[in-house]
Amino acid sequence: MLFVVGITGAICSGKSTICRQLLISSKSIGISVEWVDCDKLAHKLYVPGGELLQTLAKEFGPHILNEEDGTLDRRTLGGIVFDQPQYLQKLNSIVWPVMRCHLEKLIEQAQRNETNKRTEINKRIEINQAKVILLDAAVLGQAGWDDLCDKVLYVTVPYETAKARAITSRGMSEAKFDKIFETQQCIVHDAISISSVEQAETALRDLVMNRSTGGVLVSEHPSSPLGINKEKTSIEEDEDDLPDGLF
């Protein structure tokens, strides 16, 4: 049986750490986990000479492409869109639908694979045969991808902790952090607020065992409009999380 779980939260909240640890612990909790990092998926869509990059170059100018190989200059594009909100909105209107199309195809293929697997074992469904796809995206709610998910986990972290991570591990300025942080704020209704890997494991286990209710709330602190948990989080710093803030 296939389940799709969204993993969202602001920059440096620890989304990738959660996903990475769930990959490691998935066997012990009887669940097969596949991690879809939407930021990395977007990288794959930026194929030199491809339709998406051609559209972006037409909209924002050819200087967003590297002269040497025609690849996307993410730093140049990021400098444009984060300084001018209307350009960020335009970028999202171009990229998000393409991303959604690919996510839908990925989920459909996974569902077909699971159906074929159940046929091969005479449709005997057991909990250790359940598969969970983790959709890791900071803008899951803003982009409307949460409706692809059976459940959404909102990773919370104190604002000051996230900012310190961004400054220390990425050399990011406070001003840039605040800009990125602001673009990623969105309340996802019925999301489960988590601040540890253990809570994520519990949420997945509850979802698989009780699909009719979609799992149980594992935190007494629902996500605030800014997704900030005032209590100490047990999630370690994640250097790979959202390098440019777009996803």
Side-chain angles (χ1 to χ4, degrees), residues 1-10 13-45 95-119 123 125-156 184 186-194 197-219 222-223 227 241-242 247:
M1 184 174 293
L2 179 68
F3 301 88
V4 180
V5 175
I7 305 292
T8 192
S13 60
K15 299 181 295 299
S16 295
T17 296
I18 287 285
C19 293
R20 190 175 296 110
Q21 291 301 316
L22 287 176
L23 284 178
I24 296 173
S25 64
S26 59
K27 292 183 179 180
S28 65
I29 62 177
I31 299 173
S32 173
V33 172
E34 177 182 353
W35 175 17
V36 178
D37 185 328
C38 289
D39 189 54
K40 292 181 180 179
L41 176 59
H43 292 188
K44 295 179 181 179
L45 299 180
V95 177
W96 285 356
V98 177
M99 283 286 295
R100 183 184 180 91
C101 181
H102 280 261
L103 291 174
E104 289 175 343
K105 290 179 180 178
L106 184 152
I107 293 170
E108 289 172 2
Q109 182 60 54
Q111 186 63 65
R112 284 194 295 271
N113 292 343
E114 288 301 299
T115 300
N116 293 338
K117 182 189 302 182
R118 281 156 44 196
T119 300
K123 298 185 178 180
I125 303 176
E126 301 173 4
I127 186 171
N128 61 5
Q129 294 164 349
K131 177 174 182 177
V132 173
I133 294 178
L134 303 176
L135 293 189
D136 171 11
V139 296
L140 188 80
Q142 296 96 318
W145 302 334
D146 54 308
D147 65 3
L148 299 174
C149 305
D150 295 291
K151 181 56 64 178
V152 174
L153 306 185
Y154 198 111
V155 185
T156 63
Q184 296 174 350
C186 179
I187 297 177
V188 179
H189 296 292
D190 298 324
I192 296 176
S193 177
I194 64 171
V197 175
E198 291 75 18
Q199 289 179 336
E201 291 175 345
T202 298
L204 291 191
R205 188 182 299 110
D206 289 342
L207 173 61
V208 171
M209 295 181 66
N210 191 9
R211 183 165 190 166
S212 62
T213 60
V216 297
L217 188 66
V218 295
S219 172
S223 55
D241 181 31
L242 211 62
F247 297 100

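The figures here come from the full heavy-atom set of this structure, side chains too, leaving out hydrogens, waters and symmetry mates.
With hydrogens and angles disregarded, a donor-acceptor distance shorter than 3.5 Å links the side chain of Lys15 to the backbone of Ala10. At distances below 3.5 Å, not a single donor-acceptor pair connects side-chain atoms of Arg100 with backbone N or O atoms of Leu148. Side chain of Thr8 to main chain of Ala137: a donor-acceptor pair is present (N/O by atom type, distance under 3.5 Å, no hydrogens or angles). Not a single donor-acceptor pair under 3.5 Å links the side chain of Asp150 to the backbone N or O of Val5.
For the atom pair Leu134 CG and Leu204 CG, the distance stands at 6.5 Å (nearest 0.5 Å). The CG atom of Leu2 lies 11.5 Å from the CD atom of Glu108; values are rounded to the nearest 0.5 Å. If you take OG1 on Thr202 and CG on Leu153, they are separated by 10.5 Å, rounding to the nearest 0.5 Å. Atom CD of Glu198 is separated from atom CD of Gln21 by 9.0 Å, given to the nearest 0.5 angstrom. One finds the NE2 atom of His102 at 7.0 Å from the CG atom of Leu41 (value rounded to the nearest 0.5 Å). The line from CD of Glu201 to CZ of Arg205 is 6.5 Å long, rounded to the nearest 0.5 Å.
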### Query
Between Val139 and Trp96, is a side chain to side chain contact (heavy atoms under 4.5 Å, CB included) present by the stated rule, with each step listed?
CA-CA 10 Å; Val139 296; Trp96 285 356; 4.0 Å; yes
### Task
Report the C-alpha separation of Leu103 and Cys38 in whole Å, then their side-chain angles, then the decisive distance to 0.1 Å, and conclude whether the side chain to side chain contact (heavy atoms under 4.5 Å, CB included) test is met.
CA-CA 9 Å; Leu103 291 174; Cys38 289; 4.2 Å; yes
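Residues Ile18 and Ile194 come closest through the heavy atom pair CD1-CD1, 4.2 Å. The two residues Glu114 and Lys131 come nearest to each other via the heavy atoms OE2-CD, 3.6 Å. Contact between Lys151 and Asp190 at its shortest, heavy atoms only, is NZ-O, 3.3 Å. The minimum heavy-atom distance linking Val155 with Gly14 is given by the pair CG1-C, 4.3 Å. Contact record, Ser193 with Gln199: O-OE1, 4.3 Å, taken as the closest heavy-atom pair. The nearest pair of heavy atoms linking Val188 to Gly141 is CG2-CA, 3.9 Å.
Cys19 places none of its side-chain heavy atoms less than 4.5 Å from the side chain of Asp37. Residues Val132 and Leu22 fail the side-chain proximity criterion, which asks for heavy atoms closer than 4.5 Å.
We find that Arg20 and Asp136 are not joined by a salt bridge, their nearest charged nitrogen and carboxylate oxygen being 4.0 Å or further apart.
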